[in-house]
Each structure stands twice: as C-alpha cells, then as structure tokens.
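Just so you know, ligand 1 is whichever comes first in the structure, and atom 1 is the first atom listed for that ligand. Side chains included, hydrogens not; waters and symmetry mates left out as well; all remaining heavy atoms used.
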Amino acid sequence: MSKPRILVARAIFPDIVDRLRQHFDVEDNPDDVIWTPQELAARLADKDGVLTTGSQRIDAALLSAAPRLKVCANMAVGYNNFDVDAMTAAGVLGTNTPDVLTETTADFGFALLMATARRMTESEHYLRAGKWTKWSYDMFAGSDIHGSTLGIIGMGRIGQGIAKRGAHGFGMKVVYHNRSRLSADLEAECKATYVGKEELLRTADHVVLVVPYTSASHHTIGAAELALMKPTATLVNIARGGIVDDAALAVALRERRIAAAGLDVFEGEPIVHPDLLTVPNVVLTPHIASATVPTRRAMANLAADNLIAFFDGRGPLTPVNQPSTLR
Ligand code: 8YV
C-alpha cells in the first residue's frame, strides 16, 4: 500500500523529517523558501497532510485547492493561521503543540519583562556606541520588578507560568484578566487575583499580554488602553501581532505616556512598524519566545506525532477542532 503524502512546509530539524519519512511520502522545504499562498496550494494539491508553522494560512481557498488534505499539524500552540471554521466545514483536522513550550515561553516572557523594565538593550546600545564615559546617578534608571504589581492579560498555561515566576520568584502582586476566571485552586497556585481589564491597566506596574489572537482580541491594547496605564508602566507582548495596535504604541512610547515596551511579536511580522524601530524605549525580539533547542525539537516532534497518530488511525494527540465527518 502506498504511504500517505505529507508536505513539511518550512525547514525543520532534518532528523525529524527523516522520522516522518519512515511513515510518509514526504516533500519538505530544506532551503526554507517562503512560498506564496498559490505556491503552497500547488504543493498541497496531491498531499494528504501538512506540517505547518504559524506562518502558513490554511483557509477555504487553500482547502478547495487541496482536495486530498485531511490533517494540518501546526508546529505552534497558537493557530490563528488556521481558519478553523473552514477546516471543520471541509472535514479537515487541525492540531497544535500545547504544553511542550509553556515553561520556555514563560521564561522568555519574564526575561523580556526584566530587559524592558531595566532598560537592558537600550543601555547596551549606548555602551556599544562608545557613549559610556562616566557613571551617573540616574543613568538608565528603570523600574523595579520585585515587589511591583504584575498584570497578566490572558491566563492560559503560559500566563500562569509567568504569574508563578512573578509571585513566587520576585514577590510580585499578581492581578490577571481572562475570558473566564481560574478555579480557586489555580488562583491560589499562581497567587493571582482576578480583576477587570480597566482596573488591571490602571493598577499594574507591568502588563504582560498572553492572549490568543482572534477577531475579538484584535487591538486589545490600543490608544485608549495605553492612556489608562501608569506613565511608569511597561508593556510586554509575547502573544501575537495584532493584539497591540503597534502604531498607537509607538506614539505612546515616543511621548513617554508609558515608560517602555518589550515586543516579541508584531502586526505584519516579519515587517516591524518603522516608528517602533526609532523609539529607544522598546526592546524588540524576532518572535523567539519558544526558541530553545529542546523546546523547538519537542514542538516539531509533537507536530510529527500528530500526523503519525492520525494516519495510524489512533486519532490526533492535540486536536484544535472536531469535524463531525472527516475527508
Ligand atoms: C512559534 C508561537 O515559534 O507556538 C506559538 O504559538 O508563536 C511560537 O512558539 C511560531 O508560531 C512558529 O510556529
């Protein structure tokens, strides 16, 4: 019997592609070419499954150009690149990679918070530019992490990881806002108090965004929300581009309406709003929150395992939808 045909849409660890070859007829992309939606659709025309990263859009147009496609395994926990309704209607399963990246991403969120509040990259640029000629009492004075109030918007697994780091490691007071309130046990574990979004923005010294991107979470933080924040506050976005109105944020940073921001994700990435590139009080990283070798390997392996389990008839391990009938 012939093997199912799989497309690996971006370059991933070669040994994990080799593992997929034991089960499937694999077309991969070792040169990591960024295909247009049309090029992706052409490659998927004869495929039964695909391993995607967060940057390939799976929508109704692509699904009709790929009539054999049965399963899309995303190597990411976020799956806003999937039009889940269109996939479910077409009988196509989607999977993601939860849990395996939680602690690594929470570590990074905390690192970005610290780098932002303590002005690490801004001061490093100053030093590298040869501008450091003397110590002064207020040179790169930032804001404290320990003992301050941490506001987390989006209290899923990663948000909870950041809350625990803040509460237990740094003695922070943690407030959070989420679509639904956590159980009393989880709130106690995270030492976190549920508050409304407006109260969180008004009272937090540091605001960290960890919400999934949906049409409802688009521009969760725009000019009006930035205006509620303390002028000494920092804002960190490790969620998705589009959760923050980047143009409004650049204005708020330039006018010092908030102290600083740390951004790992951007509207329209990899293009970054030009005004963010010119303001000094922002730490910018290229979507690397989950980027450690063990975690990226675990993500790729989980995406591969989802494909293998699906075609073995065991069902996917971490599905994001449940079509009533499959293709
Ligand atoms: C990925 C992410 O690196 O898991 C997610 O949702 O944002 C990152 O961990 C990125 O989406 C590439 O797949």
Engineer: Which bit of Met75 is near ligand 1, meaning a heavy atom under 4.0 Å away: side chain, backbone, both or neither?
Structural biologist: backbone
Engineer: Asn74 and side chain to side chain donor-acceptor pair (under 3.5 Å): which partner among Thr318, Asn306, Asn81?
Structural biologist: Asn81
Engineer: Could you check atom 12 (C) of ligand 1 against the protein and tell me its nearest heavy-atom contact, residue, atom and distance included?
Structural biologist: Gly54 N, 3.8 Å
Engineer: Do Arg254 and Asn281 pair up side chain to side chain, a donor and an acceptor below 3.5 Å, judged on atom types alone?
Structural biologist: no
Engineer: Verify, without hydrogens or angle tests, whether Thr295 (side chain) and Thr292 (backbone) share a donor-acceptor contact under 3.5 angstrom.
Structural biologist: no
Engineer: Considering only protein heavy atoms, which is closest to atom 4 (O) of ligand 1, and at what distance to one decimal place?
Structural biologist: Val77 N, 2.8 Å
Engineer: Judged on heavy-atom distance to atom 11 (O) of ligand 1, which of Ser55, Ala239, Ala76, Gly78 sits nearest?
Structural biologist: Ala76
Engineer: At less than 4.0 angstrom from any non-hydrogen atom of Arg240, what atoms of ligand 1 do you find?
Structural biologist: 2 (C), 5 (C), 6 (O), 7 (O), 11 (O)
Engineer: Taking 4.0 angstrom as the limit, do Asp46 and Arg5 come out as a salt bridge?
Structural biologist: yes
Engineer: CD1 of Ile162 to OG1 of Thr105: how many Å apart, nearest 0.5 Å?
Structural biologist: 8.5 Å
Engineer: Checking side chain to side chain donor-acceptor pair (under 3.5 Å) against Arg10, which of Thr52, Asp32, Asn29 comes through?
Structural biologist: Asp32
Engineer: Among all protein heavy atoms, pick out the one at the shortest distance from atom 3 (O) of ligand 1; state its residue, atom name and that distance to 0.1 Å.
Structural biologist: Arg296 NH2, 3.1 Å
Engineer: So which protein heavy atom does atom 10 (C) of ligand 1 come closest to, and at what separation?
Structural biologist: His287 NE2, 3.8 Å
Engineer: Going by the atom numbers of ligand 1, which of them fall below 4.0 Å from some non-hydrogen atom of Leu101?
Structural biologist: 4 (O), 9 (O)
Engineer: So, Glu187 versus Tyr176: side-chain donor-acceptor pair below 3.5 Å or not?
Structural biologist: yes
Engineer: Below a 4.0 angstrom heavy-atom separation, can you tell me which part of Thr97, side chain or backbone, both or neither, approaches ligand 1?
Structural biologist: neither
Engineer: Identify the protein heavy atom lying closest to atom 9 (O) of ligand 1, giving its residue, its atom name and the separation to 0.1 Å.
Structural biologist: Ser290 OG, 2.7 Å
Engineer: Regarding His219 and Glu267, do their side chains bring together a donor and an acceptor under 3.5 Å, going by distance alone?
Structural biologist: yes
Engineer: Taking only heavy atoms of Thr53, which atoms of ligand 1 are found under 4.0 Å from at least one of them?
Structural biologist: 13 (O)
